[in-house]
Amino acid sequence: MALYFPNSVSVDRFVGGYKGVSDYTDLSDTETADAQNVVYGPNGDIDKRLGSQRLYRYVLTNSSATATGVPITGHYYFTKLGGSATNSYHIVQAGESIYSYNSSTAVAIRTGLSAVSQSYLDVIQIQDPRTPSDDIAIMTNGIDPIQVWNGTGTSINLSSFTSATQVPVCKFILNHKDTIYAIGVVDNADVDALVKVTRSSFGSDGAANPHRFLESFYVGGSNKQGNIQGASILNDQIYFFTRKGAWKFNPSSGSVGDLQELQGSIGVYAPRTLVNTGNFIVFLSEQGVQAFDGSTFAHLSEKVDDDIFGGNITYLKFACATFDKINNQYIISFPSLGTSTRNDKSIAFDFRPTMKIWQPPVTGRQVSCFSTFDDSSGFTRVIYGDYKGFLYQDNVNNSDGRGTGYNGTVSAATINTVTDSGQDFDISQNGLAGLSLLIYQGTGIDQTRIIESNTSSVITLESNFDVPPDTTSRYSIAGIDAHWRSKDFNFGSHDLLKLFRHIRLRVKEFGNFSLTLHYIVDFKDLAQATSRDVTLLEDGMAWGIGVWGSSRWGGRETIRRKISLRNTTAQRLNGTHLAVRFSNRRANEPFRVSGFDVELKEIGKR
């Protein structure tokens with residue numbers, strides 16, 4: 001008797017990343033157009049992304065306000081000469097105050113500034129010309145006088161520090177060797193001030209040299225390229241970007257006239273997306289995300305431009321970005337929907353040589369600004385601020401905002417509260433304020449709201465539910481709502497009818513929780529697709545679930561699960577195309593998928 005081997009298709013490595021297209025058939029085998037909060041790893045697996053940790057859990061407010069937090073609108077990690085934990089500071093702008101934010105407290109070093117939510121802090125660090133063993137931070141927010149701070153007391157105006165005159169108010173500030181460039185000058189008497197650059201240097205006596213910002217030049221002047229949107233240094237050259245153009249300035253020549261226009265069509269649309277990776281200057285232009293190496297521009301975001309430009313275009317100019325040195329990724333955050341006024345969606349381009357892909361979008365967090373800081377081991381980590389006055393370290397934990405999130409069932413609810421009488425929510429140090437709550441099952445499903453405050457059993461939300469949950473509803477706080485959907489496979493023939501029989505899924509053993517698998521026949525909606533829960537057992541072998549030899553006692557190995565597919569009233573198993581989707585919407589529950597096989601039987605043409 002001959003052995004029978006069913007037809008099957010295997011996926012052993014996930015490559016290709018995210019591509020924002022509406023036609024799922026316009027994808028390579030393991031590219032995806034429908035995924036969030038997962039990452040493609042260099043090992044070929046798909047992992048639920050890591051979360052974040054609130055730093056110090058201290059809310060930043062206006063100095064005249066109560067405990068209500070305000071958006072973080074700027075951050076700089078100020079590590080003084082011989083830097084250590086004792087002389088390193090998070091300089092943070094929130095509302096009308098600038099704070100020094102360390103391991104236990106947040107102290108206002110300047111108050112009474114202009115509390116404009118779109119005024120963003122720009123900071124440089126230089127050696128203190130008065131004391132060679134010390135450093136100073138020089139700061140501007142584009143509205144108030146330039147500030148100077150040396151790590152003690154309060155900040156002072158630069159004009160007071162140098163006894164100088166004609167110190168401008170400016171949008172951006174940059175340091176090249178001993179020279180400070182004030183960029184995008186604010187001067188109502190000069191119609192071209194916002195394309196003006198003025199510079200000064202320091203003498204050995206600590207005073208400005210010369211004592212005024214006398215040298216100046218204009219980047220473009222009165223033309224259609226728009227205002228200066230930022231500047232960066234690459235290969236000892238300064239590059240200035242207007243909204244529609246790029247210019248190169250040679251600071252070593254000593255002449256303010258050594259300015260060369262590179263082109264007049266590609267410039268910076270969102271100033272806070274301008275990031276220097278060391279090899280490239282990357283930014284969001286009107287044509288998408290560009291990478292500039294000093295001579296040529298490369299359009300990076302062709303696959304994701306629909307995502308970036310598909311939201312609130314009015315607020316897109318407030319998008320922000322950073323560079324993750326550890327993972328070699330450019331991360332940009334932007335408003336996702338036409339009504340969104342906050343950066344609630346992020347996406348990362350992975351520069352690693354074996355990757356060169358866009359990772360799937362990150363959702364469930366609201367990012368008012370991005371930055372970096374050095375941890376206690378000296379590694380540069382990504383940090384982000386939110387709209388509630390908190391800072392977070394990224395890429396830690398299995399929940400967003402705290403080490404452990406909450407999953408539970410609603411006991412009672414109103415239009416803006418959720419009660420779980422069986423929980424004991426953390427109420428220390430501002431509790432769960434700023435974290436997200438997701439209704440992932442039951443009445444009110446798919447609604448996400450930001451937490452305003454909480455007691456030990458009641459959550460109060462920042463905004464109202466559209467549909468209030470009830471006792472059928474399950475929620476997650478600080479959860480990571482992750483899923484990945486494959487393309488619609490036709491298995492070599494788009495018009496050949498098949499009977500789909502089994503899916504063999506290879507997942508990492510993580511714990512006594514589950515991964516939800518959907519199989520989708522012939523482009524059905526997700527609500528019509530069939531789902532199965534796959535248990536990610538913690539340790540050892542379980543009869544009837546694992547496959548002998550695939551698990552080991554006391555360890556975490558790959559579990560091979562065979563899922564027999566079944567007909568339902570909403571979806572039959574015979575069709576021409578099949579897609580696979582796996583998901584987990586809860587806090588504290590990581591997953592890794594290493595591959596899958598689909599077994600089918602060919603029936604014939606329709």
Side-chain angles (χ1 to χ4, degrees), residues 11 13-21 24 27-52 273 275 277 280 282-284 288-291 298-311 319-336 343-367 370 372 380-384 392-398 400 480-487 508 581-585 590-595:
V11 170
R13 285 183 61 83
F14 294 92
V15 296
Y18 177 77
K19 181 179 181 181
V21 296
Y24 294 154
L27 298 167
S28 63
D29 279 354
T30 54
E31 273 187 323
T32 182
D34 183 1
Q36 65 183 32
N37 298 316
V38 295
V39 293
Y40 284 72
N43 54 6
D45 297 333
I46 291 288
D47 289 89
K48 191 176 190 179
R49 70 164 173 87
L50 290 174
S52 60
T273 65
V275 173
T277 71
F280 303 97
V282 188
F283 56 90
L284 177 63
V289 176
Q290 305 284 332
H299 183 194
L300 295 182
S301 58
E302 184 177 357
K303 290 184 176 182
V304 298
D305 280 338
D306 286 350
D307 287 71
I308 295 173
F309 291 100
C320 57
T322 193
F323 184 64
D324 181 348
K325 290 184 178 180
I326 292 177
N327 294 307
N328 203 13
Q329 293 178 351
Y330 172 82
I331 310 168
I332 180 171
S333 188
F334 51 90
S336 65
N343 297 326
D344 56 359
K345 187 175 185 178
S346 302
I347 194 165
F349 185 78
D350 198 321
F351 280 99
R352 286 177 289 185
T354 59
M355 304 296 285
K356 299 294 178 68
I357 61 169
W358 285 96
Q359 294 285 357
V362 170
T363 64
R365 54 174 63 164
Q366 297 184 344
V367 180
F370 267 128
T372 59
T380 301
R381 304 288 184 180
V382 171
I383 189 174
Y384 67 90
Y392 303 83
Q393 179 182 341
D394 202 4
N395 293 318
V396 291
N397 303 329
N398 291 310
D400 251 342
I480 299 174
D481 183 9
H483 74 263
W484 182 91
R485 184 196 191 277
S486 74
K487 66 178 289 183
K508 184 176 179 180
R581 184 185 190 270
F582 41 83
S583 61
N584 179 290
R585 311 190 71 181
F591 67 76
R592 171 177 292 174
V593 178
S594 298

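To the nearest 0.5 Å, atoms CD1 (Ile347) and OG (Ser301) are separated by 9.0 Å. One finds the OG1 atom of Thr380 at 12.0 Å from the CD1 atom of Ile383 (value rounded to the nearest 0.5 Å). Of the inter-residue distances, the one linking Leu284 atom CG with Ile308 atom CD1 reads 6.0 Å to the nearest 0.5 angstrom. To the nearest 0.5 Å, atom CG of residue Asp306 and atom NZ of residue Lys19 are 11.0 Å apart. For the atom pair Asn43 CG and Ser594 OG, the distance stands at 7.5 Å (nearest 0.5 Å). Separating the CH2 atom in Trp358 from the CD atom in Gln329 is a distance of 10.0 Å, to the nearest 0.5 Å.
Using a 4.5 Å heavy-atom threshold, the side chains of Asn398 and Leu50 count as touching. Using a 4.5 Å cut-off on side-chain heavy atoms (C-beta onward), Pro42 and Met355 make contact. The side-chain heavy atoms of Val39 and Phe14, taken from C-beta on, include no pair separated by under 4.5 Å. Between Arg13 and Thr30 there is no side-chain heavy-atom pair separated by less than 4.5 Å. Within the 4.5 Å cutoff, no side-chain heavy atoms of Thr363 are placed close to those of Asp344. Side-chain contact between Ile331 and Phe323 is absent, with no heavy-atom pair separated by less than 4.5 Å. In this structure, the side chains of Asp29 and Val11 stay at 4.5 Å or more apart for every pair of heavy atoms. Two residues are said to be in side-chain contact when any heavy atoms from C-beta on lie closer than 4.5 Å; Val289 and Val282 meet this criterion.
Taking all atoms of both residues into account, the shortest heavy-atom contact from Ile326 to Arg381 is CD1-NH1, 3.2 Å. The shortest heavy-atom contact between Phe370 and Ser346 is CZ-OG, 4.2 Å. What you find for Ala291 and Leu300 is that their closest heavy atoms are CB-CD1, 3.7 Å. Summarising the geometry of Val367 relative to Ser333, their closest heavy-atom pair is CB-OG, 3.5 Å, with the distance given to 0.1 Å. When all heavy atoms of Pro353 and Lys356 are compared, the closest pair comes out as O-CG, 4.1 Å. For the pair Lys345 and Pro361, the tightest heavy-atom approach, listed with the atom from each and the gap, is CE-CB, 3.6 Å.
Remark: aromatic rings of Phe349 and Tyr330 are distant, center separation not under 6.0 Å. Taking the six-membered ring for Trp and the full ring otherwise, the centers of Phe280 and Phe351 sit less than 6.0 Å from each other.
Relative ring orientation between Phe591 and Phe582 is described as perpendicular, the plane-to-plane angle rising above 60° on a 0-90° scale split at 30° and 60°. Using a 30° and 60° split on the angle between ring planes, Tyr384 and Tyr392 fall in the parallel class, below 30°.
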**Item:** Derivation of the side-chain contact (heavy atoms from CB on, under 4.5 Å) call for Phe283 and Val275
**Value:** CA-CA 6 Å; Phe283 56 90; Val275 173; over 6 Å; no

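Among Asp350, Val38, Asn327, the single residue meeting the side-chain contact (heavy atoms from CB on, under 4.5 Å) criterion with Gln359 is Asp350. The side chain to side chain donor-acceptor pair (under 3.5 Å) with Asn37 is formed by just one residue from the set Lys48, Arg49, His483; it is Arg49. For the side chain to side chain donor-acceptor pair (under 3.5 Å) test with Tyr18, the passing option among Thr32, Asp34, Asp307 is Asp307; the others fail.
Side-chain polar atoms of Asp394 and Ser52 form no donor-acceptor pair below 3.5 angstrom.
Of the possible polar contacts, none joining the Lys508 side chain to the Arg592 backbone as a donor-acceptor pair under 3.5 Å is found.
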